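Shown next, in structure tokens, is the structure this report addresses.
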Protein chains: 2
Amino acid sequence: MPSSSSQPQRTGRPARISRAEILAAANSVIDAEGVAKLTMRRLATELGCTPMALYHHVRDKEDLLRLLLNEYADQVAWPDLPEEPRERVRVAARAMHDVLAARPWIVEILTADDLLGVSALWVSESIVDGFVAGGLPLDRAAQAYRVIWHYTAGDLIVRARSARRAAEDRPTFRAQVFADLDADSFPRLAALGSDYLSLAAQDTYDLGLAALIDGLLRSA
Amino acid sequence: MPSSSSQPQRTGRPARISRAEILAAANSVIDAEGVAKLTMRRLATELGCTPMALYHHVRDKEDLLRLLLNEYADQVAWPDLPEEPRERVRVAARAMHDVLAARPWIVEILTADDLLGVSALWVSESIVDGFVAGGLPLDRAAQAYRVIWHYTAGDLIVRARSARRAAEDRPTFRAQVFADLDADSFPRLAALGSDYLSLAAQDTYDLGLAALIDGLLRSA
DNA sequence: ACCTGAACACCGTTCAAGT
DNA sequence: ACCTGAACACCGTTCAAGT
């Protein structure tokens with residue numbers, strides 16, 4: 001596995017495919033068809049090489065995904081944060097949400113090891129700092145950050161998956177259930193009727209985020 | 001595919017494996033080794049039949065998972081709810097959380113089609129009703145439920161996956177990052193140090209839930 | 001009606017060999 | 001050093017045939 005090319009000359013056979021090319025091809029497969037379609041074999045045909053050629057540039061598939069993630073993380077420009085604690089947390093959390101919403105598959109990896117490379121420590125630091133500035137003790141602020149992260153991850157995962165589900169066109173079980181709902185057992189849901197489906201599609205991240213920050217800072 | 005056996009006599013060859021046996025075997029594989037290990041082939045060897053025999057009792061693997069989910073949902077005993085709106089939402093949400101925490105793999109399916117069978121409408125109904133009783137208009141109450149669901153799903157998924165990750169023993173990337181952290185760039189995180197890891201492991205669901213309910217009902 | 005056997009179209013990855 | 005070819009140990013599922 002070659003390191004970054006600081007050496008002007010290297011011995012041996014010249015490389016036909018580079019790590020950068022692999023990452024670029026992987027990104028384009030993911031963008032076009034989703035992360036589920038990214039396989040080593042598919043990537044190989046895309047690059048015109050054998051599957052095994054890839055293993056000379058990345059350790060394994062997990063390594064490839066981590067490289068993709070870091071490459072993306074490094075190019076993110078995080079926003080400036082306002083002074084006011086509540087707002088600071090809100091803007092930092094929203095930035096995390098938006099950065100991840102642009103590459104939903106990343107959340108699936110993050111939830112396993114929840115760290116968007118070192119670059120993303122910016123988010124944790126900012127949110128913890130905002131909560132401390134808002135009056136929480138440090139350990140409480142850290143827990144508050146975890147709560148924000150769980151909420152953000154849940155929002156992104158649920159939305160990403162129901163979007164994928166909607167893209168396939170077999171009818172959703174949910175729509176079917178709401179069609180014939182027992183109004184005696186479930187009066188509220190029956191009253192909502194099919195409006196529930198459009199309400200569920202709306203962006204509720206800000207609503208929950210504001211509530212969460214308010215509630216978490218209340219004890220301060 | 002046979003329906004439920006209301007017919008006293010049926011013609012043809014007697015069945016060697018039943019749908020109930022398949023579901024039982026599937027559950028025991030999942031409990032012992034996780035849902036990732038549940039494959040049609042593995043299930044077949046467990047039952048002493050060929051993989052294809054299973055397809056006579058379930059449509060496909062997704063159908064099998066849905067059957068497992070519904071079987072579990074039907075056996076859940078939901079708690080009685082208190083009158084006070086805030087408490088009603090809290091108890092219902094906590095019940096949803098606990099029911100799913102006992103079978104974490106279910107969340108992975110739910111997030112695709114977010115409905116725990118018809119039985120689980122109890123949760124949505126209770127939470128929406130609690131928010132309405134707390135003073136929110138119906139559409140707002142429905143959005144508030146969605147927020148609670150996203151938070152709950154995120155908590156469960158993040159915890160389930162980091163638990164799985166911890167079970168494998170390759171060192172987590174997170175621990176490594178916290179070991180050598182730049183105290184100038186990330187003062188709060190550096191101050192937390194390795195305490196962050198134990199804080200992250202703690203159960204923060206109630207903390208966030210209470211904050212969320214408070215915040216969501218504030219506008220009422 | 002219920003089940004088997006062989007096959008198809010996939011996976012990620014190892015290992016020995018080629019240039 | 002970089003890549004290929006063949007192979008291993010898996011997947012879910014279809015299809016034709018057996019009892």
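Bear in mind that the values here come from a model prediction, so they are computed numbers and not experimental data.
Considering B:Val35, B:Ile106, B:Ile22, B:Ile30 as possible partners of B:Leu68, the one that fulfils the side-chain contact (heavy atoms from CB on, under 4.5 Å) test is B:Ile30.
For A:Glu62 and C:dT13, the CD to C1' distance is 14 Å, given to the nearest whole Å. Residue B:Leu43 contributes atom CG, which lies 16 Å from atom C1' of D:dC10 at whole-angstrom precision. What separates CG of A:Leu47 from P of D:dT4 is a distance of 11 Å, to the nearest Å. Protein atom CE of B:Met40 is 10 Å distant from nucleotide atom P of D:dT14, rounded to whole Å. Atom pair B:Leu38:CG and D:dC10:C1' shows a separation of 15 Å (rounding to whole Å applied). For the pair A:Leu54 CG and C:dT14 P, the interatomic distance rounds to 13 Å; values are reported in whole Å. Put simply, CG on A:Asp63 is 14 Å from C1' on C:dT13, counting in whole angstrom units. The distance between atom NE2 of B:His56 and atom P of C:dA1, rounded to the nearest whole Å, is 8 Å.
The side chain of B:Thr39 places an N or O atom within less than 4.0 Å of a non-bridging phosphate oxygen (OP1 or OP2) of D:dC11. Look at A:His57 and you'll find a side-chain N or O under 4.0 angstrom from OP1 or OP2 of D:dC3. Of the side-chain N and O atoms in A:Arg16, one or more sit less than 4.0 angstrom from OP1 or OP2 of D:dT4. A close approach under 4.0 Å does not occur between any side-chain nitrogen or oxygen of B:Arg41 and OP1 or OP2 of D:dT13.
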Item to complete: Would you sort out whether A:Val91 and A:Arg94 count as a side-chain contact (heavy atoms from CB on, under 4.5 Å), showing the intermediate values?
Response: CA-CA 5 Å; A:Val91 173; A:Arg94 183 83 226 186; 5.7 Å; no

Practice prompt. Show your working on side chain to side chain donor-acceptor pair (under 3.5 Å) between B:Tyr196 and A:Ser124 and close with a plain yes or no.
Written response: CA-CA 11 Å; B:Tyr196 179 78; A:Ser124 329; 5.6 Å; no

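If you take atom P in D:dC10 and the same atom in C:dA9, they sit 22 Å apart, rounded to whole Å.
Proximity note for B:Pro51 (side chain, C-beta onward) versus C:dT13, D:dT4, D:dT13: the nearest is D:dT13. Side chain of A:Lys61, nearest nucleotide from C:dT14, C:dG12, D:dT13: C:dG12.
Inter-residue side-chain proximity for B:Trp149 and B:Leu110 is flagged as met; some heavy-atom pair is nearer than 4.5 Å.
Atom CZ of A:Arg140 is separated from atom OG1 of B:Thr204 by 10.0 Å, given to the nearest 0.5 angstrom.
Searching all strands for a Watson-Crick or G-U wobble partner of D:dC3 with both distances below 3.5 Å returns nothing. In this structure, C:dC10 forms no base pair with any nucleotide, since neither Watson-Crick nor G-U wobble geometry is met with both distances under 3.5 Å. Applying the Watson-Crick and G-U wobble criteria (two distances, each under 3.5 Å), C:dA17 pairs with nothing in any strand.
Note on A:Met52: a base of the nucleic acid sits closer than 4.0 angstrom, heavy atoms only.
When the nearest nucleotides of DNA chain D are assigned to A:Gly48 and B:Asp60 by heavy-atom distance, the more 5′-ward of the two goes with A:Gly48.
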